[in-house]
Amino acid sequence: MANSGQKVVLITGCSSGIGLRIAVTLAKDEKKRYHVIATMRDLKKKDKLLEAAGDAYGKTLMLLQLDVCSDDSVKECINNVKDRHIDILINNAGVGLLGPVESISIDEMKRVFDTNFFGVVRMIKEVMPDMKKRRSGHIVVMSSVMGLQGVVFNDVYTASKFAMEGFCESMAVQLMKFNIRLSMIEPGPVHTEFETKMMEDVAKMDFPGVDADTVRYFKDVYLPSSIDIFEAMGQTPEDIAKCTKKIIESERPRFRNLTNSLYTPIVALKYADETGGLSVNTFYNLLFNFGPLMHITMSILKCLTCSCLRRRTISP
Ligand SMILES: NC(=O)C1=CN([C@@H]2O[C@H](COP(=O)(O)OP(=O)(O)OC[C@H]3O[C@@H](n4cnc5c(N)ncnc54)[C@H](OP(=O)(O)O)[C@@H]3O)[C@@H](O)[C@H]2O)C=CC1
Ligand SMILES: CC1=C(/C=C/C(C)=C/C=C/C(C)=C/C=O)C(C)(C)CCC1
């Protein structure tokens, strides 16, 4: 039960990664400002969260089952919240999808949209009426740099995040009229199970219906470069949890929130050129013409951002 003055925060997708870390970070807030309702679709996966939450569990953190792809589960979950009163909704649940579209079924694509786009729509539809009645609330949506700019071979995942960005950009205007804030968070690569799940999926792929060149571009060009990017720029779930906490605590939260300054110039390419060609040509060149150079550049970037170098430069 939330104590008076505590804000009720409901977070989706807390069994691992960013959602788990946001739930624990808010539940362990030193001023105990939050009553965290951490949700997951399979409560058998709760151990990692409960271990990280420690003695906050049962005090500032509680657990509820929630599958954002099920209308009934969404309704049932919110009905289990006292007075259906949620101050902050954090839509974090999401799934990736990688590879040549020729070998991806429409059903698989629909599952990604059902989670990443319709999952957020279901939650907002369920929670928004109460926030409107109270003229108060904050809706946070975990988008991605791929909600701002496409990345090759991430076509459908990118589309699902673009869809969410467009939905939120439209919703934000009317929500403002009801004093409800809407914030999008756009992380670049983050080291979570998201990455391992994608690599596991790729290992199992046999690319039916895909020509040999496309398979080669995916496996021998894109994948090594994306591993470089993850290594050189990858943030931690803690980084994203800290950003999220800052956003929900700010008086006037920004609508869009990129979390990784190393990635900002890459997204900036898109806004620097209204013809849209700059980012397409840059990505093309980085991948197909400067692949090896990019590998070296990323390794240097990794050194510049890792602590060992900083330690050497700091100590005389
Ligand atoms: N990792 C990255 O590089 C980036 C991730 N993001 C976004 O961050 C969010 C969290 O991903 P991340 O923590 O990295 O990855 P994880 O795979 O670790 O976490 C994803 C979470 O979403 C849950 N989930 C999946 N489908 C559903 C569903 N139908 N209902 C409820 N929960 C569901 C998963 O639960 P289960 O354990 O049951 O599968 C899991 O808890 C996603 O929206 C992702 O798009 C954005 C930018 C970068
Ligand atoms: C930047 C960049 C690349 C890869 C970007 C990647 C891999 C981003 C991953 C983002 C994630 C995982 C977001 C999840 O929501 C390429 C295509 C290698 C080409 C060169 C520029």
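In listed order, ligands and their atoms are each counted from 1. Please read these numbers as outputs of a predicted model, since none were measured by experiment.
Assignment of Phe153 to the shell around ligand 2 is not supported, since no heavy atom sits closer than 4.0 Å.
Ion pairing between Lys48 and Glu193 holds under the 4.0 Å rule for side-chain N and carboxylate O. In summary, Lys44 and Asp42 engage in a salt bridge, as defined by a charged side-chain N under 4.0 Å from a carboxylate O. Salt-bridge check for Lys161 with Glu186: failed, with every basic side-chain N at 4.0 Å or more from each acidic carboxylate O. Using a 4.0 Å cut-off between charged nitrogen and carboxylate oxygen, Arg216 and Asp220 do not count as a salt-bridge pair.
Between Leu286, Val151, Leu223, it is Val151 that holds the heavy atom closest to atom 17 (C) of ligand 2. Relative to atom 8 (C) of ligand 2, the option among Tyr222, Tyr263, Phe230, Tyr284 with the closest non-hydrogen atom is Tyr263.
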Side-chain polar contacts of residues 125-132 - donor-acceptor pairs under 3.5 angstrom, sequence neighbours left out - could you list them?
| unit_1 | atom_1 | unit_2 | atom_2 | d |
| --- | --- | --- | --- | --- |
| Glu126 | OE1 | Lys75 | NZ | 3.1 |
| Glu126 | OE2 | Arg84 | NH1 | 3.4 |
| Glu126 | OE2 | Arg84 | NH2 | 2.7 |
| Asp130 | OD2 | Arg134 | NE | 2.8 |
| Asp130 | OD2 | Arg134 | NH2 | 2.9 |
| Lys132 | NZ | Gln174 | OE1 | 2.7 |

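Among all non-hydrogen protein atoms, the one lying nearest atom 19 (C) of ligand 2 is Leu287 CG, 3.9 Å. With hydrogens left out, the protein atom closest to atom 18 (C) of ligand 2 is Ser225 CB, 3.5 Å, a heavy atom. Nearest to atom 9 (C) of ligand 2 among the protein's heavy atoms is Met146 CE, 3.6 Å. With respect to atom 6 (C) of ligand 2, the closest heavy atom belonging to the protein is Ile229 CG2, 3.9 Å.
For atom 14 (C) of ligand 2, a protein non-hydrogen atom is found at a distance below 4.0 Å.
For ligand 1, residues of the protein lying within 4.0 angstrom by heavy-atom distance are Gly13, Cys14, Ser15, Ser16, Gly17, Ile18, Arg41, Lys45, Leu66, Asp67, Val68, Cys69, Asn92, Ala93, Gly94, Val95, Thr115, Met142, Ser143, Ser144, Tyr157, Lys161, Pro187, Gly188, Pro189, Val190, Thr192, Glu193, Phe194, Lys197, Phe230.
Looking at heavy atoms from C-beta onward, Thr192 lies out of side-chain contact with Thr236 at the 4.5 angstrom threshold. A 4.5 Å side-chain heavy-atom check between Val202 and Met205 finds at least one atom pair inside the cut-off.
A donor-acceptor contact closer than 3.5 angstrom links the side chains of Gln65 and Ser73.
For ligand 2, the polar-atom distance check finds no N/O of Ser226 at less than 3.5 Å from any of the ligand's N/O atoms.
Val280 and Phe283 sit in two unconnected hydrophobic clusters of ILVMFWY residues. Membership requires side-chain heavy atoms under 4.5 Å apart, directly or through other members.
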